[in-house]
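One structure is given below, encoded as structure tokens.
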Amino acid sequence: MKQFDFPVNEYRAQFPILQRLIDDKPLIYLDNAATTQKPRRVIEKMNKFCYEYNANIHRGAHYLTEQATEAYETARTKVSHFIHAKNPGQCIFVKGTTEGINLVAHGFESLLKPNDEIIVSQIEHHANIVPWQQTCLKTGAKLKVIPCFDNGELDLNILESLMSDRTKLLAITHVANAIGTVNPVKDIIQRAHAHHIPVLIDGAQAVPHMTVDVQDLDCEFYVFSGHKLYGPTGIGVLYGKAEWLDRIPPYQTGGEMITSVTFEKSTFKTWPYKFEAGTPPVIEAVALGEAVDFLTEIGLDHIHSYENKLLRYATNLLGSIPGLQIIGQAKDKACIISFTLDNIHPHDIGTVLNHHGIAVRTGRHCAEPTMTRFGVVGTTRISTGLYNTYEELDKVVEGIQQVITIFRGPA
Ligand code: ALA
């Protein structure tokens with residue numbers, strides 16, 4: 001199969017790391033749900049910042065600080081356009097998805113009382129479970145869980161039965177990191193709003209694969225990481241509706257987030273600065289802005305449609321291997337494919353694939369409750385990015401055939 005409609009080789013050429021050999025074999029990078037590779041222009045943007053205008057931001061009166069501040073705030077504007085936020089200030093720069101969720105979970109500590117409830121789903125990443133558990137421990141609130149069907153789709157009838165006037169937040173993933181389910185978040189948000197329940201969406205695995213419009217979704221919070229979006233580590237975004245950013249207190253306090261400090265009392269700036277204490281990850285934010293430009297130029301709709309084709313291709317190939325079971329077969333999926341193969345341990349599969357230059361993730365994928373739901377200790381997970389090809393997926397199948405030969409013996 002060819003990819004005439006999506007110039008994948010043109011895009012691949014922009015990622016220097018894809019030239020690497022692993023064990024003398026071309027790198028086949030299929031661990032994009034863990035982190036994506038960086039195009040040259042993102043790497044160069046970071047270098048340019050360091051070579052030419054490195055300075056702290058919002059401080060000082062010199063030329064470099066002005067340039068650095070402008071670059072940082074321009075990145076915020078780019079990110080806000082990327083997710084269709086009304087106002088760039090609604091996009092808070094954080095360290096990543098985990099910190100964004102922790103920020104909101106910390107904020108809710110002051111809003112919850114005993115026996116209030118927070119709803120999450122059975123297919124969340126630990127980052128969208130553990131912070132809420134901690135908030136529940138501190139406040140006496142309770143965590144409720146939407147179960148999923150055998151195909152990895154959520155049971156929305158049970159969601160309906162879980163929601164009540166005790167529910168103070170629904171925190172749910174847009175795309176399940178371990179099994180790829182794309183949740184119908186717009187529908188879920190509408191259902192929650194019918195009960196006046198605010199919704200936080202963990203968008204870490206969605207933003208690299210599809211267009212996200214936070215105003216259309218109408219969510220209260222949306223969180224994602226830069227490093228899964230072809231940008232650097234150490235940067236992420238928390239989007240919030242204005243009324244909620246007003247309502248929740250600062251997560252961290254210190255320099256730059258204040259309007260005045262005396263030994264008796266301090267007063268705080270409004271958002272976004274209220275939530276950006278200390279020196280922020282300026283270089284990373286600026287580079288994330290470049291990654292967003294890169295993706296916008298290609299078009300998320302094109303990426304989405306290409307990756308859907310990769311998903312169908314890989315699902316057919318893998319599905320025809322005897323003994324291989326794909327975990328998570330939702331109708332709507334991102335190109336994240338988790339599988340088990342007989343009783344061969346995922347780490348053994350990953351090790352053999354590694355000898356073929358193929359990078360996949362194995363284990364629990366920071367989603368132990370998902371693994372428990374499907375009765376597996378772990379899986380092998382393939383997750384694509386915009387630079388992956390059909391030929392690479394063919395190589396994965398060859399690698400798996402070798403795993404089978406090693407562990408089952410020749411056919
Ligand atoms: N959350 C990342 C993953 O799913 C690390 O691999």
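Counting starts at 1 for both ligands and their atoms, following the listed order. What you see is a predicted model; the values in this text were computed from it and never measured. In this chain, numbering begins with 1 at the start of the sequence shown. Side-chain atoms are counted along with the backbone in the values below, which use heavy atoms only and exclude waters and symmetry mates.
- Near N177, meaning under 4.0 Å from any of its heavy atoms, are these atoms of ligand 1: 3 (C), 4 (O).
- Checked against the 6.0 Å centroid criterion, the rings of H174 and F224 do not qualify as a close aromatic pair.
- Nearest to atom 3 (C) of ligand 1 by heavy-atom distance, out of R364, R361, H365, is R361.
- Of the protein's heavy atoms, H125 NE2, 2.9 Å lies nearest to atom 1 (N) of ligand 1.
- Of all protein heavy atoms, the one lying nearest to atom 2 (C) of ligand 1 is K228 NZ, 2.9 Å.
- Those atoms of ligand 1 that come under 4.0 Å of a heavy atom in A34, given as number and element, are 2 (C), 3 (C), 5 (C), 6 (O).
- Interface of R381 with ligand 1, defined as ligand atoms under 4.0 Å from a residue heavy atom, comprises 3 (C), 4 (O), 6 (O).
- Ring centers of Y239 and W244: at least 6.0 Å apart, outside the cut-off.
- Checked by atom type, the side-chain pair Y313/D394 shows a donor-acceptor distance below 3.5 Å.
- Each of the atoms 4 (O) of ligand 1 lies under 4.0 Å from some heavy atom of Q205.
- The pair E284-K95 fails the salt-bridge criterion, with no side-chain N (NZ, NE, NH1 or NH2) lying under 4.0 Å from an Asp/Glu carboxylate O.
- Side-chain polar atoms of E276 and Y72 form a donor-acceptor pair below 3.5 angstrom.
- Side-chain atoms of Q402 and H356 include a donor-acceptor pair closer than 3.5 Å.
- Close approach of ligand 1 to A33 is summarised as follows: ligand atoms under 4.0 Å from at least one heavy atom of the residue are 2 (C), 3 (C), 4 (O), 6 (O).
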